[in-house]
Amino acid sequence: MMIEVENLYFTYPGNVQALKGVNLSIEEGEFVAIVGPNGSGKTTLALHFNGLLKPTRGCVYVKGKDTRETCVEELSTVVGYVFQNPNHQLFNLTVRDEIAFALKRRLTKSELEERVEDALSLFGLKAFEDLNPFTLSLPLKKLVAMATVYAMKPEVFVLDEPTTGQDFFGAKLVENAVLKVRDTGKTIIVITHDMKFVARHAKRVIVMVDGEIAFNGEPRELFDQSTQDARKTLERAKIKPPKTALLSYMLRQDGGFKDLPANLLIPEEFVEALAKLRSKSVVKCL
Amino acid sequence: MSLKGFYIQKDSWLHRLDPRTKMAYLVVSAAVVFIFFNPLAVLAVLFINLILIFLAKTYVVLKGALAKILLIALVLNIVVHGFASPAGKTPVSLFNYTLWIPFFESLKWEGMYVGLVFGLRIVALGLSLLFFVSTTHPTDFLNSLRRLGLPVKYTLMLSISLQLIPEMLDESRIILNAQRARGVRLKNSVDKLKAIISTFIPLTISSLEKMNIISMSILARGYGAPVKPTEIRRLGLKHVDIIVIFLTFFMLALALYIRIFYGDLSLF
């Protein structure tokens, strides 16, 4: 078990209850998305994973270590956290220095070089290594922030709203970078409002509502419009399912496509399902 | 932590007073404190302030750091003046011993008296200020400054900077966390000193960005238009304000009368 959360309560100063009895476990190598409305406790929960917040009640274990007894510096080598605003994390004069910064005191020169090269090439930042990170565009800044965390070689990668506020290509760039990190075998936890991203990549989705977990399971189950439970959860969490899921449900319900599965998530699946129906010649009009 | 922290929202007639009334009291209490050289006169103002704070139900401010600083200032004044004031003549003797420190003379009664008066003045003034800030919302305060003739340009500048301070504190907390999350160590004080750079640069940049955005947004919302702005929070002197202002000036007149005909009431 990589991360284990037991009956976690957290109260901010001013008696604001942000988390109310959260139970959760995340396995090694999982790709988990945390979704929910603003102020539902997503970021508060994620900040517990690397010890930046300590539980008011209950426990969080990272690789079996209690976060209350482990300092952030030690946890940051296991759980890397990429903040929402990359400007908060960057301060060096070149991209290369930025990536090397936190490693300087931990590694020898050759190890350091190797790590920096590795991070630069993984995120495709080789061409920008001598530029000032503040002169880069937002998606590139995001990549630099991710690279600085990646260079620490954490086993878990927490990303706070990686694709928010970017144009299509920027979001795609960051999305691809997240997938590259996933392919290196790391556990990925993404906080996001991007349901297309969740539908396409997440293996498990956790829905937070008012500091509690409203749903914990596969995206396909969550976005399945044909079940009452899923619809209720989505309504509570103010989440709109991806268009493909809505379309497949509506076609099945009102469009006479009785044999179309109700819980298709991505366009490719949808096309495939339609093609199958056609080959069965059920859909005469096509 | 926010700067608004000094303001305590309670429902009392002192909260409802016009800020200008309270400012008048602030000025008069400062004058009274300074025209007498007798601890009793200063204590009288001090007690009036304490009563006002209790009437306004904002006594929480007395538990804050500022109240502690005032007490420390009082003690320091007595000690420093006791040893160093040129007014000192009679040494304090305790069982025939006099307190004495190198390079200074011994502790003197007159010096301590001077220190007591000075210290109490600071405490009384501090309490006046605490009463003022704990019962006056910053917005009302700024509005009243504008009513008193300070240009909108300056009051807006003041109000924006008042809002920026708590925001910057929040921002710096987030940045510090972001740095810790990427492995910047903060174990000892040397680490913390080094972390200043990693916090300062992002903080400066984000503050500059924010200021740029604020300046554009206030321009976009009509700031600088050559017309007289309409007041939204209307301030007006009510009957109670007039009574309080009358009492305040009566206090000043009484103090001036005593000062002119009976002197500064100094005991030494």
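Chain A is the first sequence line, chain B the second, and so forth, proteins listed ahead of strands; every chain is numbered from 1.
When the side-chain contact (heavy atoms from CB on, under 4.5 Å) test is applied to Ala177(A), the partners found at least two apart in sequence or on another chain are Phe123(A), Leu143(A), Met146(A). Listed by chain and residue number, Ile72(B), Val80(B) satisfy the side-chain contact (heavy atoms from CB on, under 4.5 Å) test with Leu76(B) (two or more places apart in sequence, or in another chain).
Considering CD1 of Ile205(B) and CZ of Phe134(A), their distance stands at 3.5 Å, rounded to 0.5 Å. Here CG of Asn177(B) is found 5.5 Å from CZ of Phe83(A). Values are rounded to the nearest 0.5 Å. The structure places CG of Asn87(A) at 12.0 Å from CG of Leu203(B), a figure rounded to the nearest 0.5 Å.
Among the residues in residues 124-133 of chain B, none has a non-hydrogen atom closer than 4.5 angstrom to a non-hydrogen atom of chain A.
Residue contact with chain B, scored on non-hydrogen atoms closer than 4.5 Å, involves the backbone and the side chain of Glu98(A) alike. Both the backbone and the side chain of Tyr81(A) come within contact range of chain B, with heavy atoms under 4.5 Å apart.
If you check the side chains of His88(A) and Gln179(B), you find no donor sitting under 3.5 Å from an acceptor.
In terms of heavy-atom pairs under 4.5 angstrom with chain A, the leader among Ala181(B), Ser206(B), Ser198(B) is Ser198(B). When Asn50(A), Leu90(A), Leu75(A), Asn85(A) are compared by the number of non-hydrogen pairs under 4.5 Å with chain B, Leu90(A) comes out ahead.
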Which atom pairs, donor and acceptor, lie under 3.5 Å between side-chain atoms of residues 57-64 of chain B and protein residues at least two apart or in another chain?
unit_1	atom_1	unit_2	atom_2	d
Lys57(B)	NZ	Asp11(B)	O	3.3
Thr58(B)	OG1	Ser134(B)	OG	3.2

